[in-house]
Amino acid sequence: MRFTQLLIPTSKEAPSDAVLASHIYLMRAGYIQSVGSGLYNFLPLGKRVLDNVRRVAKEELDRAGCQEVDLSFVTPVSLWKESGRFEKYGKELLRFKDRKNNDFVLGPTHEEMMVNMVSQTVRSYKQLPINLYQIKTKFRDEIRPRFGLMRGREFLMKDGYSFASSEDGMKADFDLMEKTYSRIFKRLGLNYRIVEADSGAIGGSASKEFMVIADSGEDTIVICDNCEYAANIEAAKRAMVACDADEPEISISSKFQTIDIKSIDDLSAFFHVDPYYLIKTVAKKALYDGGESKIVLFALRGSDELEETKACNSIDANELVDINEEELRIAGLVAGYMGPSNLSEEIIVVYDEGLRDGRSLICGANEENYHFVGYDLRGVEVTYKDLVAVQSGDGCPKCNGKLKHTKGIEVGHIFQLGTKYSSALKAEFLDENGKSKPFMMGTYGIGISRLLAAIIEQNHDDRGCIWTKESSPFAVHIIISNIKKEEELEAGEELYSDLRSRGIEVLLDDRKERFGFKIKDFELIGVPLAVVVGKNLTDGKMEIITRDGLDKVEIKSSDVLDEILRRLS
RNA sequence: CGGAGUGUAGCGCAGUCUGGUAGCGCACCUGGUUUGGGACCAGGGGGUCGAAGGUUCGAGUCCUUUCACUCCGACCA
């Protein structure tokens, strides 16, 4: 393509709200344009990259035997009510009515639609397994869209769904998708890691996320420095923690006056006891379907932190929200002096596994200025769940390595769903014995538009984008230094048509601009390879620039074509 | 949802306190000079000052309402 014919509005200035490199450069280099909160237009360059990422995904999925379909974007609300997700998904669902006053949502994901489609067309186990996918715009009304393409409201996603007749079949599908996804992200040139994950609003049993490692990532992931263990903090486990500090010597269990001693630190200092022996009690309001809510106390060791997603899952709630002072008071709770015992019946208490059979503990007495000393959990019937946020330095649950935190961008997520949706939506097939059974499903997503951001987060410098080979909008960027010089123009044009005739995607900068202007645009746009046709043409040479590292070499003009072909192969 | 802030040319901003002809930089158009690191000179186009209502002789500026966008937070107990 010729620069003079392409819409590439590059600019020196970035929008003031852009903080991430990917956001800044994709805007500045004219890939995308903002149209509203979390909404973007893809300009020609952006569309080319999007198509490339989509193509890589499609090729690998088709290779793995998946079939592409395209389901209606507007989906009837009835399906969402049937699956129970209408409430669970909450405000992220964009709802609206048509002229006949029927309710619809814009699809944020398509489990319901796909199950519905398959249940109408697949009747027999002989038709299984089957794996269907689509690459389609999705809409989620995010609480707070930000970071450009990273967290938009409208975005392009590949969503796939597998249907099997047995659990083994489902697991085989899942494993195949894990391999396929690995191939896709590898081809896109990404440094990624597969981590164990929470299933979130999708539901289901096992799930894994594909995380692109980047400091700007929104997710915290926990990785082992010794083995392959890696998990999202929302699902990360750790080896049991022992405490080096001595257990406090407590002769009798009793209330103890602790005026103005409210925090774990204060308590620890006041009693000269390691926080390990203190109970931290976190109060939350849990929201359920139908507007129901319950007060829940999560008890964990003072040395640990609560992981909210785990906490939410532990009580099967839709969401956890903070409790305001009024609600605390009504529940008979005192901030700073909360404890898991002596509570009204309506309050649910969940203990962290780390407290199992704990003794000689200190906790709030649920009374202003008093703590309870010598709390003993041995032989007491309580609910234990894994609630803690794994911290850097904790032991790996798989080996004796140490865990550490790092940041990642979630670009893929694969789930084993089992029969969650097929049961709810009564999607069944007849097995070998003529018996009706719900499909064993898996669901698999890739954030196609988010990948553009992820690729740039991982591949950029202070001058602009550096695309990877398969994602780049063009393979080669030819810069004609001064189009007024006939020989430069001719040589540039000739190289351009030679490359094009070999099927190579070339961007030719034929604008009537100065050299500096053009080279800055090349650096901003980030095509991996550039050829400068300029002043050293008089010595019969051209310059090849590698965008990553900006290495330059002069090559005899007659050898340039071969050199480029060699590098691209 | 809670808190803070911003809406003025395509983009980035000043002007608002103290009411009196709508400004700057970049970008854009014309002509000329320049041509290897975002050039220079001259000329030019472009605005319901987010919207609605009010106060006033007069409102970008003051008052009321509203909409949109952005940022921070959603922790501890």
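Keep in mind that this is a model prediction, so the values were computed, not measured. Convention: sequence-line order gives letters A, B, ...; per-chain numbering from 1.
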Which is it for A/K81 and A/D103 under the salt bridge (Lys or Arg N to Asp or Glu O under 4.0 Å) test, yes or no, and what are the steps along the way?
CA-CA 11 Å; A/K81 290 199 165 145; A/D103 291 305; 5.1 Å; no
Nucleotide forming a Watson-Crick or wobble pair with B/rG53, both distances under 3.5 Å
B/rC63
Less than 4.0 Å between a side-chain N and a carboxylate O, is that true for A/R2 and A/E493?
yes
If you compare every side-chain N and O of A/K284 against the phosphate oxygens of B/rC75 (OP1, OP2), does one of them come in below 4.0 Å?
yes
Does A/N482 contact B/rG36 through a side-chain donor or acceptor facing the base, at a distance under 3.5 Å?
no
With the side chain of A/I519 defined as its heavy atoms from C-beta on, choose the nearest nucleotide among B/rG38, B/rG37, B/rU70.
B/rG37
Gap between atoms CD1 and C1', on A/I279 and B/rC76 respectively (whole Å)
17 Å
Tell me whether the centres of the aromatic rings in A/F271 and A/Y277 are closer together than 6.0 Å.
no
Could you tell me which nucleotide pairs with B/rG73 by Watson-Crick or G-U wobble geometry, both distances under 3.5 Å, or answer none if nothing does?
B/rC1
Using atom P of each nucleotide, how far apart are B/rU70 and B/rU33 to the nearest Å?
47 Å
Is there a Watson-Crick or G-U wobble partner for B/rU48 with both distances under 3.5 Å, and which nucleotide is it?
none
Is any N or O donor-acceptor pair between the side chain of A/K12 and the base of B/rG10 shorter than 3.5 Å?
no
Phosphate oxygens OP1/OP2 of B/rC26: is one of them under 4.0 Å from a side-chain N or O of A/S11?
no
Look up atom OH in A/Y288 and atom CD1 in A/I315, then write down how far apart they are to the nearest 0.5 Å.
4.0 Å
Is any side-chain N or O of A/E543 under 3.5 Å from a base N or O of B/rG36, one able to act as donor and the other as acceptor?
yes
Side chains of A/D510 and A/T4 only: does a donor on one sit below 3.5 Å from an acceptor on the other?
yes
Answer for the Watson-Crick or wobble partner of B/rA27, both distances under 3.5 Å, is none
Report yes if a donor N or O on one partner sits less than 3.5 Å from an acceptor N or O on the other, where the partners are the side chain of A/R28 and the base of B/rG38; otherwise report no.
yes
Output the single nucleotide from B/rC76, B/rG12, B/rG37 whose closest atom is nearest the side chain of A/E13.
B/rG12
Let's see if you can work this out: which of B/rU34, B/rG38, B/rC69 has an atom nearest to the side-chain heavy atoms of A/K484?
B/rU34
Side-chain atoms of A/R514 come closest, of B/rA39, B/rG37, B/rA74, to B/rA39
If you only use heavy atoms from C-beta on, which nucleotide in B/rU34, B/rA74, B/rG38 is closest to the side chain of A/I143?
B/rA74
